[in-house]
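Okay, so here's the structure we're looking at.
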There are 2 protein chains.
Amino acid sequence: MSITSFMGKETTPDLEYLVDPMPTEALRLINLRKSTHVMLIYGDMTASYEGRAKSQLEELMPRLVVSKPDGTFMIHEASKERPRLWNPPPSTLYASINLGVLTLRSVRASPREVVIVEIPVIRFIGAVRLGVTLNYRVFGTEEDMVNAIVNNPSIVEEGLQVIAREYHTIVGDIDILGKDSKGNLVVIECKRSQAGPEAVNQLKRYVEHLSQKEDRNVRGILVAPSISSAAYHYLRSYGLEFRRVEPKGML
Amino acid sequence: MSITSFMGKETTPDLEYLVDPMPTEALRLINLRKSTHVMLIYGDMTASYEGRAKSQLEELMPRLVVSKPDGTFMIHEASKERPRLWNPPPSTLYASINLGVLTLRSVRASPREVVIVEIPVIRFIGAVRLGVTLNYRVFGTEEDMVNAIVNNPSIVEEGLQVIAREYHTIVGDIDILGKDSKGNLVVIECKRSQAGPEAVNQLKRYVEHLSQKEDRNVRGILVAPSISSAAYHYLRSYGLEFRRVEPKGML
DNA sequence: CACTTTATCTCGTGA
DNA sequence: TCACGAGGTAAAGTG
């Protein structure tokens with residue numbers, strides 16, 4: 001079966017595909033377009049991964065491979081958002097035919113990780129040209145909360161003055177360092193969603209470090225839309241404070 | 001253009017697709033297969049997301065929609081592993097035609113999140129049936145490290161005896177609780193990859209809690225393949241210990 | 001490069 | 001259902 005394309009001969013087409021292709025035809029399309037197009041490969045396949053960890057898909061089963069020009073390599077199944085196996089960018093895709101079977105090898109250099117896919121039954125293969133959104137922006141992030149507080153510290157507390165944001169310490173970076181109306185140092189840790197014990201622990205770490213280093217009392221305020229009950233008890237037991245703030249209120 | 005399928009009439013085909021379809025044809029295929037097949041939709045589209053946060057893809061651009069039967073909904077672009085916009089499962093997909101434009105609405109119930117896609121130019125739409133791997137297993141996880149240490153505590157230290165694993169405390173679960181050759185309690189925290197300040201903080205929290213509760217000296221050992229320099233200083237400053245262990249050595 | 005943190009994290013597990 | 005923590009987290013930002 002020949003490649004079906006939808007543009008003139010001189011220009012690279014945005015879409016090409018093959019249905020039930022021979023391995024050699026599939027190989028040709030992959031090597032032709034893997035560096036410019038997103039490749040979609042549907043068929044019965046087995047796969048293996050070895051790198052930071054190790055795992056195997058021994059059962060031959062219909063799966064979907066998505067490979068992007070930046071090296072992103074994913075094997076998707078019928079459910080879940082995360083691919084079953086993958087290699088993050090930048091990785092390199094090598095395609096070949098072994099004993100008549102289309103074989104894909106995605107190699108990530110560092111850390112060294114390899115995903116190998118064998119596709120004895122190729123049902124469909126497509127090459128599509130996709131774009132990339134520039135200046136992409138998400139609203140309602142933790143950074144938006146921090147900005148809003150820096151611009152208007154009274155969101156947290158009347159009389160609060162901001163000294164620094166992203167204040168670097170040996171134990172990590174403090175979201176906002178401030179001073180209250182009585183001159184106490186205040187460490188503020190923001191979370192865009194419900195705070196748990198980890199968030200409390202993080203704040204406690206900053207407060208402990210700073211109060212030791214500065215040799216004086218330091219307040220710690222956890223700012224989040226909500227806090228789990230266990231985390232709240234934990235927070236209070238260390239004399240830390242909680243201030244409810246909605247990230248969506250920052251828009 | 002009629003639907004191209006590749007099985008008998010009585011059986012649902014594994015693969016169906018349309019090239020440059022009319023919106024009505026696309027709509028029909030989506031509604032026919034969205035609950036059983038993974039849908040691939042390629043075309044020029046704009047999109048928006050509102051839910052836990054908010055964002056918009058205003059520029060009309062070739063993108064790829066992947067929708068799974070479990071409600072997974074993803075809009076992929078030319079680069080990166082993560083979709084640009086998405087809804088995690090379980091979500092519900094509604095397709096319609098608005099003013100002649102194919103419109104997809106993915107709705108997640110809780111938290112309420114909505115992704116809306118408008119596709120004025122539909123280049124390709126495919127329905128593929130995928131499988132799901134059962135009994136999937138990854139080797140070299142933190143749990144594997146814990147198992148290996150429980151089976152052979154001398155990995156961590158000669159003379160170490162394991163008292164409990166996943167020992168529940170008010171401040172969290174301790175990976176391994178043990179006793180050293182001198183009778184001291186030992187808290188062991190495992191990490192499968194390089195340990196940072198959070199890991200040290202976590203161990204410190206357990207040790208503090210236990211030494212207070214038991215009113216005696218408690219050792220804390222962080223077990224990981226490596227530790228960041230700052231985290232190591234932090235660890236040592238609290239008298240905690242580090243033991244280098246490779247998760248891959250556990251296989 | 002190494003290090004640190006965020007994320008519309010996702011995902012599984014256990015109460 | 002909620003809470004909690006792991007993840008082959010990925011991705012972004014900084015020194």
Side-chain angles (χ1 to χ4, degrees), chain A residues 49-55 70 72 74 79-89 91 108 110-115 136 138-146 166 168-175 189-202 226-232 234 247-248, chain B residues 48-55 72-74 79-89 91 106 108 110-115 136 138-146 166 168 171-173 175 189-199 202 226-232 247-248:
Chain A
Y49 152 75
E50 179 150 13
R52 287 168 291 180
K54 188 172 168 176
S55 88
D70 67 347
T72 299
M74 302 180 278
S79 63
K80 301 300 171 191
E81 179 183 323
R82 303 291 320 272
R84 181 61 87 180
L85 294 186
W86 74 93
N87 244 349
S91 302
R108 183 190 192 187
S110 175
R112 171 95 182 166
E113 303 201 273
V114 182
V115 176
Y136 178 66
V138 179
F139 297 92
T141 62
E142 177 181 309
E143 192 185 347
D144 292 331
M145 290 179 72
V146 171
E166 295 300 306
H168 301 285
T169 76
I170 183 78
V171 298
D173 299 353
I174 294 171
D175 282 342
E189 173 63 31
C190 292
K191 289 295 165 200
R192 71 167 308 286
S193 50
Q194 175 168 290
E198 284 295 312
V200 175
N201 215 33
Q202 199 178 349
S226 64
I227 184 169
S228 73
S229 155
Y232 184 73
Y234 180 39
K248 304 286 284 296
Chain B
S48 68
Y49 153 73
E50 180 150 14
R52 288 167 291 179
K54 187 173 169 174
S55 87
T72 300
F73 187 85
M74 302 180 279
S79 63
K80 300 298 173 192
E81 180 184 324
R82 307 285 318 268
R84 179 60 87 180
L85 294 186
W86 75 93
N87 242 350
S91 302
S106 170
R108 184 189 191 188
S110 174
R112 172 96 181 166
E113 303 201 273
V114 181
V115 176
Y136 178 66
V138 179
F139 297 92
T141 62
E142 177 180 306
E143 191 185 348
D144 293 329
M145 288 179 73
V146 171
E166 294 301 306
H168 302 285
V171 298
D173 296 355
D175 282 341
E189 174 63 32
C190 292
K191 290 293 165 201
R192 72 164 308 288
S193 49
Q194 177 168 293
E198 280 298 310
Q202 204 177 344
S226 62
I227 184 169
S228 73
S229 153
Y232 184 73
K248 304 286 284 299

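We use all heavy atoms of the structure for the numbers below, so side chains are in, but hydrogens, waters and symmetry mates are not. Every chain is numbered from 1 and lettered A, B, ... according to where its sequence line falls, protein lines coming before strand lines.
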Q.
Can you tell me if A/Ser228 touches the phosphate of D/dC4, counting only side-chain N or O atoms and a distance under 4.0 Å to OP1 or OP2?
A. yes
Q: Measure the shortest side-chain to side-chain distance between B/Asp175 and B/Met145 over non-hydrogen atoms and say whether it is less than 4.5 angstrom.
A: no
Q: Indicate, with a heavy-atom threshold strictly under 4.0 Å, whether A/Glu113 touches base, sugar-phosphate, or nothing.
A: base
Q: Using a cut-off of strictly less than 4.0 Å, decide whether B/Arg192 has a side-chain nitrogen or oxygen near OP1 or OP2 of D/dT9.
A: yes
Q) Which whole number of Å gives the distance between the C1' atom of C/dG14 and that of D/dG8? A) 24 Å
Q.
OP1 or OP2 of C/dA2 versus the side-chain N and O atoms of B/Gln194: is any pair under 4.0 Å?
A. no
Q. How close or far is atom P of D/dG8 from atom CD of B/Glu81, stated in whole angstroms?
A. 11 Å
Q. So how far is it from B/Leu85 CG to B/Glu113 CD, rounded to the nearest 0.5 Å?
A. 11.0 Å
Q.
Base, sugar-phosphate or nothing for A/Ser55? Non-hydrogen atoms, less than 4.0 Å.
A. nothing
Q. Toward the 5' end of DNA chain D, which comes first, A/Ala231 or B/Val138, by nearest nucleotide?
A. A/Ala231
Q) Taking only side-chain nitrogens and oxygens of B/Arg52, does any of them come within less than 4.0 Å of OP1 or OP2 of C/dC9? A) yes
Q) Over how many whole Å does the gap from A/Tyr234 atom OH to D/dA3 atom P extend? A) 18 Å
(Q) So A/Tyr136, base contact, sugar-phosphate only, or nothing? Heavy-atom distance under 4.0 Å. (A) base
Q: Give the rounded distance in Å between these two atoms: CD of A/Glu166 and C1' of D/dA12.
A: 12 Å
**Q.** Nearest listed nucleotide, side chain of A/Tyr49, among D/dG5, D/dG8, D/dA12
**A.** D/dG8
Q) Has A/Glu143 got more than 12 heavy atoms of other residues, nucleotides or ligands less than 6.0 Å from its CD? A) no
Q: Kindly say if B/Arg84 contacts the phosphate of D/dA10, meaning a side-chain N or O under 4.0 Å from OP1 or OP2.
A: no
Q) Distance between the C1' atoms of C/dT8 and D/dT14, in whole angstroms? A) 25 Å
Q) How do B/Thr72 and A/Ser110 order along DNA chain C: which one's closest nucleotide is nearer the 5' end? A) A/Ser110
Q) Rounded to the Å, how far apart are B/Lys191 NZ and D/dG7 C1'? A) 10 Å
Q.
Rounded to whole Å, please give me the gap between CD in A/Glu143 and C1' in C/dA7.
A. 13 Å
Q: Would you classify A/Pro111 as touching base, sugar-phosphate or nothing, given that sugar-phosphate means primed atoms plus P, OP1 and OP2, and contacts are heavy atoms under 4.0 Å?
A: nothing
Q. In Å, rounded to the nearest 0.5 Å, how long is the span from CD1 of A/Ile174 to CD of A/Glu166?
A. 10.0 Å
Q. Are any non-hydrogen side-chain atoms of A/Tyr234 and A/Asn201 less than 4.5 angstrom apart?
A. yes
Q) Between A/Asn201 (CG) and D/dC4 (C1'), how many Å, whole number? A) 13 Å
**Q.** Residue pair B/Ser228 / B/Gln194, side-chain heavy-atom distance below 4.5 Å
**A.** yes
**Q.** From D/dG5, D/dA11, C/dC3, nucleotide with atom closest to A/Glu198 side chain
**A.** D/dG5
Q) Would you say B/Trp86 reaches C/dC9's phosphate, i.e. side-chain N/O to OP1/OP2 under 4.0 Å? A) no
Q) Is the shortest heavy-atom distance from the side chain of B/Pro197 to the side chain of A/Val171 under 4.5 Å? A) no
Q: In whole angstrom, give the distance that lies between atom NE2 of A/His168 and atom P of D/dG15.
A: 5 Å
Q) Base, sugar-phosphate, or nothing: which does A/Pro88 touch, judged by heavy atoms less than 4.0 Å apart? A) base
Q. Is B/Arg82 near enough to C/dT8 that one of its side-chain N or O atoms lies under 4.0 angstrom from OP1 or OP2?
A. no
(Q) Does B/Gly51 reach a base, just sugar-phosphate, or nothing at all? Heavy atoms under 4.0 Å. (A) nothing
Q. In terms of side-chain heavy atoms of A/Glu189, which of D/dG8, D/dT9, C/dT6 is nearest?
A. C/dT6
Q: Pick base, sugar-phosphate or nothing for A/Pro89, based on heavy-atom distances below 4.0 Å to the nucleic acid.
A: sugar-phosphate
Q) Starting at CG of B/Asn87 and ending at C1' of C/dT8, how long is that distance when rounded to a whole Å? A) 9 Å
